[in-house]
Chemist: 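Below: one structure in structure tokens.
FYI, side chains are in, hydrogens and waters are out, and symmetry mates aren't considered; it's all heavy atoms of this structure. In each ligand, atom 1 is the first atom listed, and ligand 1 is the first ligand listed.
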Amino acid sequence: MSQHQARKRFGQNFLTDDGVVESIVRAIAPARDDAVVEIGPGLSALTRPLLERLDHLTAVEIDRDLAARLRKQFDASRLTVIEADALTVDFSQFGSALRVVGNLPYNISSPLLFHLTAWADHVRDQHFMLQREVIDRMVAKPGSGDFSRLSVMLQSRYRMQKLFDVPPEAFDPPPKVVSAIVRMVPLPADRLRPKSDRAFETVVARAFSQRRKMLRRVLADWAAQVPWEALDIAPTARAEDISVDRYIHLSDALVEAGV
Ligand code: SAM
């Protein structure tokens, strides 16, 4: 196998279980001419089987040694290796209807998911391996203890589906947590969108800053400007009780009130 020493700072846990690799590739179901971008190809556990099914693949890898190794292993006409931090990459350069995949470095999963929302209009779908606990929060529905800022922000842009769990033994070195695979499909452009992304982000972050408290208390500074009844938000509602659409309407109401 490899001479590569796994680097903790890059969240390197390499997938070694062929059965899991096959299940992931089957879930992605690539067609030859799909535009696929892999984040963090590492030692090519997913890269190789994907390339068997694709004409071309683009891979973004931060680790210089791994990037060099990939360039040596694969023909440049089939695999384009971008040596970069995925958090700084402009994904629109790769085209449209992108299929983004990756066994993501868990230490940057939330910032990376948020970074990618900026390019959601260029994306057909995303399949990611992440910490299971994070995926549970991503797909959680209102009223559940897992419903959080991450759920609202991502569900306002994507339809999400948890596919299956992956145990620590499937990796080398094994991570301390159970992982899972999530499928994310951007919502259609005509779906309800906040009037101001910034206002939406601010309202949602503020609401969940004290998730056990009543929303009217948490948002006390703005409460007078919010048409609570028209928005059908109960006086006792807490952050975790409010649907994604209601958060959008709430943030729009604050924008309209000039808050
Ligand atoms: N895909 C491989 C696999 O399944 O075995 C490796 C997965 S490992 C969990 C995460 C990979 O992402 C590593 O190759 C790591 O070097 C790379 N990585 C970490 N941070 C990154 C970043 N900011 N941008 C791009 N790649 C990154």
Side-chain angles (χ1 to χ4, degrees), residues 1-28 30 36-54 57-74 78-94 98-119 123 125-135 138 163-184:
M1 246 260 313
S2 84
Q3 311 288 324
H4 182 82
Q5 265 292 334
R7 293 188 168 121
K8 224 176 166 174
R9 73 175 187 284
F10 291 148
Q12 291 176 353
N13 299 95
F14 299 105
L15 198 51
T16 51
D17 185 316
D18 292 341
V20 172
V21 169
E22 204 185 305
S23 303
I24 297 172
V25 175
R26 206 176 317 125
I28 300 169
V36 180
V37 181
E38 184 184 4
I39 300 176
L43 295 170
S44 70
L46 292 172
T47 320
R48 190 175 291 281
L50 284 172
L51 268 173
E52 281 166 15
R53 291 161 179 81
L54 291 166
L57 173 67
T58 301
V60 180
E61 174 58 62
I62 198 171
D63 186 318
R64 173 188 294 200
D65 296 342
L66 292 179
R69 189 184 168 113
L70 288 158
R71 287 198 182 103
K72 257 194 226 144
Q73 273 174 337
F74 297 95
R78 310 265 333 277
L79 178 70
T80 303
V81 180
I82 314 265
E83 186 190 320
D85 179 348
L87 284 173
T88 66
V89 166
D90 171 350
F91 281 77
S92 68
Q93 69 181 294
F94 305 128
L98 298 175
R99 308 198 66 194
V100 187
V101 306
N103 170 9
L104 297 186
Y106 297 169
N107 50 347
I108 57 158
S109 50
S110 293
L112 194 51
L113 290 168
F114 285 127
H115 178 70
L116 284 161
T117 59
W119 285 279
V123 168
D125 58 22
Q126 301 182 152
H127 288 84
F128 294 135
M129 172 116 67
L130 287 162
Q131 194 172 331
R132 180 175 65 184
E133 189 189 284
V134 173
I135 295 184
M138 290 163 70
L163 298 183
F164 52 88
D165 289 349
V166 181
E169 308 82 71
F171 304 85
D172 181 24
K176 290 199 180 70
V177 293
V178 174
S179 304
I181 305 289
V182 67
R183 175 180 292 143
M184 307 172 72

Chemist: Provide the number and element of each atom of ligand 1 under 4.0 Å from a heavy atom of Ala84.
Modeler: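 Counting atoms of ligand 1 from 1, those under 4.0 Å from Ala84 are 24 (N), 25 (C).
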Chemist: Which bit of Ser44 is near ligand 1, meaning a heavy atom under 4.0 Å away: side chain, backbone, both or neither?
Modeler: neither
Chemist: Hey, which of Leu112, Val134, Leu113, Ile135 is the one that makes side chain to side chain contact (heavy atoms under 4.5 Å, CB included) with Phe128?
Modeler: Leu113
Chemist: Atom CD1 of Ile28 and atom CZ of Arg99: how far apart are they, to the nearest 0.5 Å?
Modeler: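 Separation between the atoms: 7.0 Å.
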Chemist: Below the 3.5 angstrom mark, is there an N/O of Gly11, backbone or side chain, next to an N/O of ligand 1?
Modeler: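 No, Gly11 has no N/O under 3.5 Å of an N/O on ligand 1.
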Chemist: Can you name the atoms of ligand 1, numbered from 1 with element, that are less than 4.0 Å from a heavy atom of Gly42?
Modeler: 6 (C), 14 (O)
Chemist: Give me the nearest non-hydrogen protein atom to atom 13 (C) of ligand 1 as residue plus atom name, then the distance to 0.1 Å.
Modeler: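 Checking every protein heavy atom, the shortest distance to atom 13 (C) of ligand 1 gives Gln12 CG, 3.6 Å.
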Chemist: Suppose we measure from atom 20 (N) of ligand 1 to each protein heavy atom; which comes out shortest, and what is that distance?
Modeler: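 For atom 20 (N) of ligand 1, the nearest protein heavy atom is Pro105 CG, 3.4 Å.
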Chemist: For ligand 1, which atoms, with element, lie under 4.0 Å from some heavy atom of Val60?
Modeler: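 Going through ligand 1 atom by atom, the ones under 4.0 Å from Val60 are 25 (C), 26 (N).
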Chemist: Do any N or O atoms from the side chain of Asp17 and from the backbone of Phe171 form a donor-acceptor pair under 3.5 angstrom?
Modeler: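 No; judged by distance alone, with no hydrogens or angles, the pair does not exist.
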Chemist: For ligand 1, does Thr47 get within less than 4.0 Å through its side chain, its backbone, both, or neither, judged by non-hydrogen atoms?
Modeler: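 For Thr47, no heavy atom sits under 4.0 Å from ligand 1.
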Chemist: Walk me through whether Val60 and Asp85 qualify under side chain to side chain contact (heavy atoms under 4.5 Å, CB included).
Modeler: CA-CA 7 Å; Val60 180; Asp85 179 348; over 6 Å; no
Chemist: Identify the protein heavy atom lying closest to atom 17 (C) of ligand 1, giving its residue, its atom name and the separation to 0.1 Å.
Modeler: Glu61 OE2, 3.3 Å
Chemist: Check the orientation of Phe91 and Trp119. Use parallel for under 30°, tilted for 30 to 60°, and perpendicular for over 60°.
Modeler: tilted
Chemist: Measure the distance from atom 6 (C) of ligand 1 to every protein heavy atom, then report the residue, atom name and distance (to 0.1 Å) of the closest one.
Modeler: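 Protein heavy atom with the smallest distance to atom 6 (C) of ligand 1: Gly40 O, 3.4 Å.
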Chemist: Could you check whether any side-chain N or O of Glu61 sits under 3.5 Å from a backbone N or O of Asp63, counting only pairs where one atom can act as donor and the other as acceptor?
Modeler: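 Such a contact is found between Glu61 side chain and Asp63 backbone.
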Chemist: Distance under 4.0 Å to a non-hydrogen atom of Phe14: what atoms of ligand 1 satisfy this?
Modeler: 5 (O), 6 (C)
Chemist: Does a side-chain heavy-atom distance below 4.5 Å link Leu79 with Leu51?
Modeler: yes
Chemist: Which residue from Pro41, Ala45, Ala59 reaches closest to atom 2 (C) of ligand 1 through any of its heavy atoms?
Modeler: Pro41
Chemist: Atoms of ligand 1 less than 4.0 Å from Leu66 heavy atoms?
Modeler: 14 (O)
Chemist: Select one of side chain, backbone, both or neither to describe which atoms of Met129 lie under 4.0 Å from any atom of ligand 1, heavy atoms only.
Modeler: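 Near ligand 1, Met129 shows nothing, with every heavy atom at 4.0 Å or more.
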Chemist: Who gets closest to atom 5 (O) of ligand 1 by heavy atom: Val20, Leu15, Ile108?
Modeler: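 Shortest heavy-atom distance from atom 5 (O) of ligand 1: Leu15.
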Chemist: Applying a heavy-atom cut-off of 4.0 Å, say which part of Leu112 lies close to ligand 1: side chain, backbone, both or neither.
Modeler: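 It is neither part, as no heavy atom is under 4.0 Å.
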Chemist: I'd like to know if the side chain of Glu22 reaches the main chain of Gly19, judged simply by a donor and an acceptor atom lying under 3.5 Å from each other, with no hydrogens or angles considered.
Modeler: no
Chemist: Using modelled atom types only, decide if a donor and an acceptor are shared between the side chain of His115 and the backbone of Val89 within a distance under 3.5 Å.
Modeler: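 The answer is yes, because a donor-acceptor pair under 3.5 Å joins these two groups.
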Chemist: Any ion pair linking Glu52 and Arg48 (charged N to carboxylate O, less than 4.0 Å)?
Modeler: no
Chemist: Less than 4.5 Å apart, side chain to side chain, heavy atoms only: is that true for Pro41 and Leu46?
Modeler: no
Chemist: Report the part of Ala86 (side chain from C-beta onward, or backbone N, CA, C, O) that has a heavy atom under 4.0 Å from ligand 1; answer both or neither where that applies.
Modeler: both
Chemist: Specify the protein heavy atom at minimum distance from atom 19 (C) of ligand 1: its residue, its atom name, and the distance to 0.1 Å.
Modeler: Phe10 O, 3.0 Å
Chemist: Could you tell me which atoms of ligand 1, counted from 1 in the order shown, lie closer than 4.0 angstrom to a heavy atom of Asn13?
Modeler: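 Checking each atom against Asn13, I get 7 (C), 8 (S), 9 (C).
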Chemist: Roughly how far, to the nearest 0.5 Å, is the CZ atom of Arg69 from the CZ atom of Phe74?
Modeler: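 CZ of Arg69 is found 10.0 Å from CZ of Phe74.
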Chemist: Would you say Arg132's side chain and Phe164's backbone share a donor-acceptor pair under 3.5 angstrom?
Modeler: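 No.
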Chemist: For atom 23 (N) of ligand 1, what is the closest protein heavy atom, and at what distance to 0.1 Å?
Modeler: Asp85 OD1, 2.8 Å
Chemist: Counting distance only, does the side-chain N/O of Arg53 pair as donor-acceptor with the main-chain N or O of Pro49 below 3.5 Å?
Modeler: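 Yes: the side chain of Arg53 pairs with the backbone of Pro49.
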Chemist: Which ligand 1 atoms does Glu38 reach within 4.0 Å, using its non-hydrogen atoms?
Modeler: 1 (N)
Chemist: Identify the protein heavy atom lying closest to atom 27 (C) of ligand 1, giving its residue, its atom name and the separation to 0.1 Å.
Modeler: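 The protein heavy atom lying closest is Ile62 CG2, 3.4 Å.
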Chemist: Which one of Ile24, Asn103, Leu70 has a non-hydrogen atom at the shortest distance from atom 3 (C) of ligand 1?
Modeler: Asn103
